[in-house]
Amino acid sequence: MNRWKQARFHVPGASTSVWHVGLLVWISLLSLAACAAQPPPAGPAQPIGSAHLFRPTARPVIASPIVADLDGDGQLEIAVGAWDGYFYVTDTRLRDQPGWPRYSPAGFFSTPAAADLDGDGRAEIVVGSEAGQVFVWRSDGRALPPWPLDLRHRIWAGPVLLDGPAIAILGPYQMFILDLRGRPMQGWPQPALGWGDATAASDGKILAVATLVEGVPPARLGLQDAGAVHAWRLDGRPLPGFPVRLTADADSSPALADLDGDGRVEIIVGDDAGLLHVLDQQGRELPGFPTQTGSLIEASPAIADVDGDGAADIVIGSWDGRMYAWDRRGTLLRGWPQAAGDQFISSAALVDLTGDRLPDVIAGAKDGCLYGWDGFGRPLPGFPIQLGAPVFSSPWVGDLDGDGRADVVVGANNGIHLLRDVGPVGLAAWPRFHRDARNTGYAEIRP
């Protein structure tokens, strides 16, 4: 999911590169302003009705939240960064945990990841910042030495946490895999054609990411195309046929799933030409792909069997304001696409909210609504839910308090929202951006 596209706007006849240049200028000005003085963090949460808590922030929350038991006390915490410069860790009533929030100039676009990296029974939180640093914090807000690490370039990508432990993150024209001391793992970094805000995906055997050439004509880099899809083995060797060059930028974060049953995952990713690609590990499109939407795809794919036929489906939104669902052969599922009032940049969560043992589709849109449909495109009871500002963050959907009812945590341009008891909670096939708290983007599903 891309967390900065609220800054982009459509100009008829303008190229994607023109939009990107305008974005860079605008963000640079905002970054300078943010560095001038440290603003105050968000105030206390406010109730909006009996089942809606809202914590307003001075600037948008574009990153997607993680929800996990970070401190090992048996209770869940919520963690997300905001454009106001602060990274928040709260309890399930959006109240700050001790040691939080933490501040970085210009804030956070990167979606965090969390896992127990040092074996102490408590999770570390890893995130990149607009100031160019990769942070690793303990659950109490203290930095894990020797972090942060400065990559000397704004970081929009989220990290992926690998066994080792290791941290994979896309930097400027390089893909990094770093050990817990911030040192490159053997075989890394590897060059990338461009850079971007895509979070990589990994099944523990390969690592894949999409890139864009931000504001630079492709010819200047010796490229014939704009974006690219990269895939490597974890030792740094590129897969044969990669990188795959595209005719448009690709800042959609890829997902991985074995769609064709050959025992190896495919790479599923959208691009700014509105195409959904499904690539095998030789860089070849699977039959039926790429498939076309009506506009840019900058959300991340979510993968699950949403129609109950026993095979994996692909769910993703587009700038055309429609949410799409395809089967593994590239055929639209019955009932799809479904329309919202504006663009989808938020990536979908796939969680059963109706008790039928099939995952439903929940995602936010630029019109300020959180939408919900079942696997056949029928609106869920109580949806859409108006949040009062554009939604680019991807929702987390799960049970915060163990009552068997589903709760939703999501960012919006006006702050952090917590919606309680939106339905019974069931199968959580893909409950958040990139599926899990490690940001793997890997669907363990068989056709």
Side-chain angles (χ1 to χ4, degrees), residues 1 51 64-69 76 78 92 114 201 203 253 255-259 261 265-266 268 299-317 323-328 332-338 344 346-364 370-385 393-410 418-447:
M1 188 277 307
S64 302
I66 50 172
V67 177
D69 178 8
L76 295 176
I78 299 164
T92 57
D203 66 343
S253 297
L256 301 179
D258 180 10
L259 298 181
V265 296
E266 283 74 51
I268 305 121
S300 179
I303 315 296
D305 176 13
V306 299
D307 61 359
D309 68 351
D313 305 306
I314 304 166
V315 179
I316 196 167
M323 183 65 64
Y324 292 81
W326 292 278
D327 68 16
R328 61 192 176 93
L332 279 170
L333 300 184
R334 179 165 58 91
W336 299 94
Q338 288 295 323
F344 277 110
S346 172
S347 302
L350 306 180
V351 178
D352 177 16
L353 301 183
T354 60
D356 65 359
R357 299 184 180 181
L358 294 176
D360 303 302
V361 178
I362 304 95
L370 187 73
Y371 286 85
W373 298 278
D374 70 12
F376 303 97
R378 297 173 297 207
L380 296 180
F383 288 85
I385 300 170
S393 171
S394 302
W396 174 91
V397 183
D399 186 356
L400 283 173
D401 51 12
D403 65 354
R405 304 285 293 174
D407 309 302
V408 179
V409 182
V410 66
L418 194 164
L419 306 167
R420 291 196 177 277
D421 301 338
V422 297
V425 66
L427 174 68
W430 194 280
R432 69 174 294 266
F433 170 78
H434 247 215
R435 185 180 170 269
D436 53 48
R438 288 178 173 264
N439 282 347
T440 66
Y442 170 43
E444 299 180 69
I445 188 169
R446 293 291 181 266

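- Side-chain atoms of W326 never come within 3.5 Å of backbone atoms of R328 as a donor-acceptor pair (strictly under, hydrogens ignored).
- Under the side-chain hydrogen bond (donor to acceptor under 3.5 Å, both in side chains) criterion, the residue pairs touching residues 352-363 are D352-T354, T354-D356, with sequence neighbours excluded.
- Side-chain N or O atoms of S346 include one that pairs as donor or acceptor with a backbone N or O of S393 at under 3.5 Å.
- With rounding to the nearest 0.5 angstrom, the CZ atom of F433 is 6.0 Å from the CG atom of N439.
- Tested against V351 for a side-chain contact (heavy atoms from CB on, under 4.5 Å), the candidates P395, P431, P359 yield a single pass: P431.
- Between P301 and S253 the shortest heavy-atom distance is CD-O, 3.2 Å.
- Listed for the W396 side chain is no donor-acceptor partner under 3.5 Å among the backbone atoms of A349.
- Contact record, T92 with L76: CG2-O, 3.5 Å, taken as the closest heavy-atom pair.
- The side-chain hydrogen bond (donor to acceptor under 3.5 Å, both in side chains) pairs that include a residue from residues 305-315 number zero, where partners must be two or more places apart or lie in different chains.
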**OP:** Evaluate the side chain to side chain contact (heavy atoms under 4.5 Å, CB included) criterion for residues R435 and I303: first the C-alpha distance (whole Å), next the side-chain angles of each, then the deciding distance (0.1 Å), finally the verdict.
**Re:** CA-CA 9 Å; R435 185 180 170 269; I303 315 296; over 6 Å; no
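- Put simply, the side chain of D407 gets close to the backbone of D421: a donor and an acceptor are under 3.5 Å apart.
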Subject >> Intermediate values then yes/no, side chain to side chain contact (heavy atoms under 4.5 Å, CB included), R405 and V425 >> reply: CA-CA 5 Å; R405 304 285 293 174; V425 66; 6.0 Å; no
**OP:** Output, in order, the C-alpha distance, side-chain angles, deciding distance and verdict of side chain to side chain contact (heavy atoms under 4.5 Å, CB included) for R334 and F376.
**Re:** CA-CA 6 Å; R334 179 165 58 91; F376 303 97; 3.7 Å; yes
**OP:** Would you sort out whether V410 and I362 count as a side chain to side chain contact (heavy atoms under 4.5 Å, CB included), showing the intermediate values?
**Re:** CA-CA 11 Å; V410 66; I362 304 95; over 6 Å; no
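- Expressed to the nearest 0.5 Å, how far CD of E266 lies from CG of L256 amounts to 9.5 Å.
- Checking side-chain atoms of R432 against main-chain N and O of P65 turns up a donor-acceptor pair under 3.5 Å.
- Between A114 and I66, the closest heavy-atom pair is CB-CD1, 3.4 Å.
- Between Q338 and V361, the closest side-chain pair of non-hydrogen atoms is not below 4.5 Å.
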